[in-house]
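Take a look at the structure set out below.
The figures here come from the full heavy-atom set of this structure, side chains too, leaving out hydrogens, waters and symmetry mates. Throughout, protein chains are lettered first and strands after them, A, B, ... in sequence-line order, and every chain is numbered starting at 1.
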Protein chains: 2
Amino acid sequence: MNKNNRREDIVLTAAKLFRKKGYNAVSMRDLAAEMGIKAASLYNHISSKQEILASIVLSVAKDFVGHIDTVVPQPIASIEKLTSIIHHHIELTAEQTDFLACMNNDWIHLDEENKTLYLSLRKEYEAKFREILRVGMAKNELKNIHIEISVFGILTTLRTLYVWYAKKDVVSLKTLKTDLPRLLLDGLID
Amino acid sequence: MNKNNRREDIVLTAAKLFRKKGYNAVSMRDLAAEMGIKAASLYNHISSKQEILASIVLSVAKDFVGHIDTVVPQPIASIEKLTSIIHHHIELTAEQTDFLACMNNDWIHLDEENKTLYLSLRKEYEAKFREILRVGMAKNELKNIHIEISVFGILTTLRTLYVWYAKKDVVSLKTLKTDLPRLLLDGLID
DNA sequence: GTCTATAACATGATAGAC
DNA sequence: GTCTATCATGTTATAGAC
C-alpha cells in the first residue's frame with residue numbers, strides 16, 4: 001500500500017470514528033488502534049489531527065459547491081434545478097455518509113483558518129441556493145414563502161439526511177429520490 | 001442564592017458553553033471560570049459533568065413528549081395538530097436555544113444509561129408524530145408521501161431550528177410561525 | 001460553599017532506534 | 001514505516017483547611 005492509499009485509509013477510518021464518537025472524543029490512540037498501528041506511526045502520513053478533520057470537512061464542502069455550480073447555469077426550470085440538487089445530496093449521503101456526518105457535527109472543531117474557509121464555502125452554497133429560489137419565486141414557478149425560511153428548511157433537511165440514511169432499510173434510495181423532492185417542494189397538503 | 005438556584009445557574013452556563021464549543025471541548029475548569037469559582041467548587045452542587053449533560057438533554061426531551069401528549073387526544077384535524085407541534089418547536093427554540101442545541105449536538109456523549117433513556121423518549125416522540133401523519137393520510141387530509149420520509153423531513157427541520165434562530169434578525173418569530181408551517185405542510189409548489 | 005493541593009490518568013505530539 | 005519511550009499539558013474528581 002503506497003503512501004497516498006494509507007493516508008486515505010486513515011482519513012476514512014477517522015471519519016468513521018469521528019462520526020460515531022465526535023472529533024474530541026476520538027484520540028490518536030483510538031484511531032491508530034482501529035488502523036492496527038501505534039499512534040506515533042500515524043504521523044508518518046498526516047501532520048496532525050486537525051489536518052485530518054480539515055481534509056474531511058473541506059472535501060465535502062467543495063463537492064457541494066462544485067455541483068451547484070454546474071446546476072446554476074443550466075437552461076432548466078427552477079424546480080428541475082432544485083430536484084437535481086436534492087438528488088445530489090441523496091447520492092453523496094449514500095456514498096460518503098461518514099464524511100457528511102463529520103462535516104455537520106465537527107466543523108466547529110476546525111482551527112480558525114479552516115473554519116473560516118468552511119464557513120465561506122457554506123455561505124457561497126447558501127447564496128447560490130437562495131438565488132435559485134429567488135428566481136423561481138419571481139417567475140411564479142415557486143410559492144412566495146419567506147426566502148430565508150425556505151432556504152433553511154430545505155438545506156437543513158438535506159444536510160441531515162445522513163442521520164436518517166443509517167436507517168436505510170426502511171426505504172430505498174429510489175423512493176427517497178422521488179418522495180423527498182415531493183415532500184420538500186410539493187408539501188404534504190394538496 | 002440557595003442551592004437550587006446555584007445548580008440551575010451551573011446548568012444554564014454549561015448549556016451555553018456546550019453549545020458554543022461542544023461537550024467534550026468544555027472542561028470543568030472552563031465552566032467554573034465562567035461561573036467565577038474554582039472547578040472543585042462545582043462539585044458542591046452537581047455530582048459530575050455527565051449529570052449536567054443529562055439534566056439538559058432530558059429536560060428538553062421530556063418537554064417535547066409532554067407537549068405531543070397534550071396534542072394527540074385533541075378533537076382537531078391532523079393539520080391543526082401538526083401546526084401546534086411546529087409552533088411548540090418554535091417557542092421552545094426561542095426560549096431555550098442553548099438547551100435545544102445541546103440536546104441535538106451532545107446527546108451522543110450521554111453515558112449508556114441516559115443515552116438509552118434519551119433515545120427511548122425520542123423514539124416515543126417520533127412514533128406519536130408518525131401516528132398523527134398516518135391518521136392524516138388515511139383521512140386524506142394529507143398527501144400520501146412515504147411516511148418515514150415525511151417524519152424525517154419535518155422533524156429534522158424542527159430539531160435544527162436553533163441553528164437558524166441564531167440569525168433571528170433576518171425574520172420575526174411571527175413570520176416564522178406562519179411561514180414555517182406553510183413550507184413544511186403546503187410546500188413550495190402550487 | 002469555596003478554597004488549595006493533589007491524585008490518578010489521558011491527551012496530542014515528537015525523538016530516535018530499528 | 002513502525003516501533004518504544006517520553007514530554008508537557010489537560011482531565012475529572014476528591015480531601016481537607018478555612
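Taking side-chain N and O atoms only, A:Lys49 has a distance below 4.0 Å to OP1 or OP2 of C:dG12. Using a 4.0 Å cut-off, no side-chain N or O of A:Ser41 falls inside it from OP1 or OP2 of D:dG1. Note on A:Ser27: every side-chain N or O is 4.0 Å or more away from OP1 and OP2 of C:dA10. OP1 or OP2 of D:dA13 lies within a sub-4.0 Å distance of a side-chain N or O belonging to B:Tyr43.
Rounded to a whole Å, the CD1 atom of B:Ile46 is 10 Å from the C1' atom of D:dA13. Atom CD in A:Gln50 sits roughly 9 Å away from atom P in C:dA13 (whole-Å rounding). Rounded to an integer number of Å, the gap from B:Arg6 CZ to C:dG1 P is 9 Å. Atom pair B:Leu42:CG and C:dG1:P shows a separation of 13 Å (rounding to whole Å applied). Atom C1' of nucleotide C:dC3 and atom CE of B:Met35 are separated by 16 Å, given to the nearest angstrom. Remark: P of C:dA13 and NZ of A:Lys38 are 18 Å apart, rounded to the nearest angstrom. Separating the CD1 atom of A:Ile10 from the P atom of C:dA13 is a distance of 13 Å, rounded to the nearest angstrom. Put simply, CD on A:Glu51 is 14 Å from C1' on C:dA13, counting in whole angstrom units.
The closest side-chain donor-acceptor pair between B:Thr157 and A:Thr157 falls under 3.5 angstrom. Judged by distance alone, the side chains of B:Thr13 and B:Glu34 never bring a donor and an acceptor atom under 3.5 Å apart. Counted by atom type alone, A:Arg159 and B:Thr160 present zero donor-acceptor pairs between their side chains at under 3.5 Å.
Side-chain contact between A:Tyr125 and A:Leu155: present, with at least one pair of heavy atoms (C-beta onward) separated by less than 4.5 Å.
Taking all atoms of both residues into account, the shortest heavy-atom contact from A:Glu124 to A:Lys128 is OE2-NZ, 2.8 Å.
The B:Ser48 side chain lies nearest to D:dA13 when the options are D:dA13, D:dG1, C:dG12. Candidate nucleotides D:dT14, C:dT14, C:dA13 were compared by shortest atom distance to the side chain of A:Ala40, and C:dT14 ranks first.
Both A:Arg29 and A:Ile37 lie near DNA chain D, and the one whose nearest nucleotide falls closer to the 5' end is A:Ile37.
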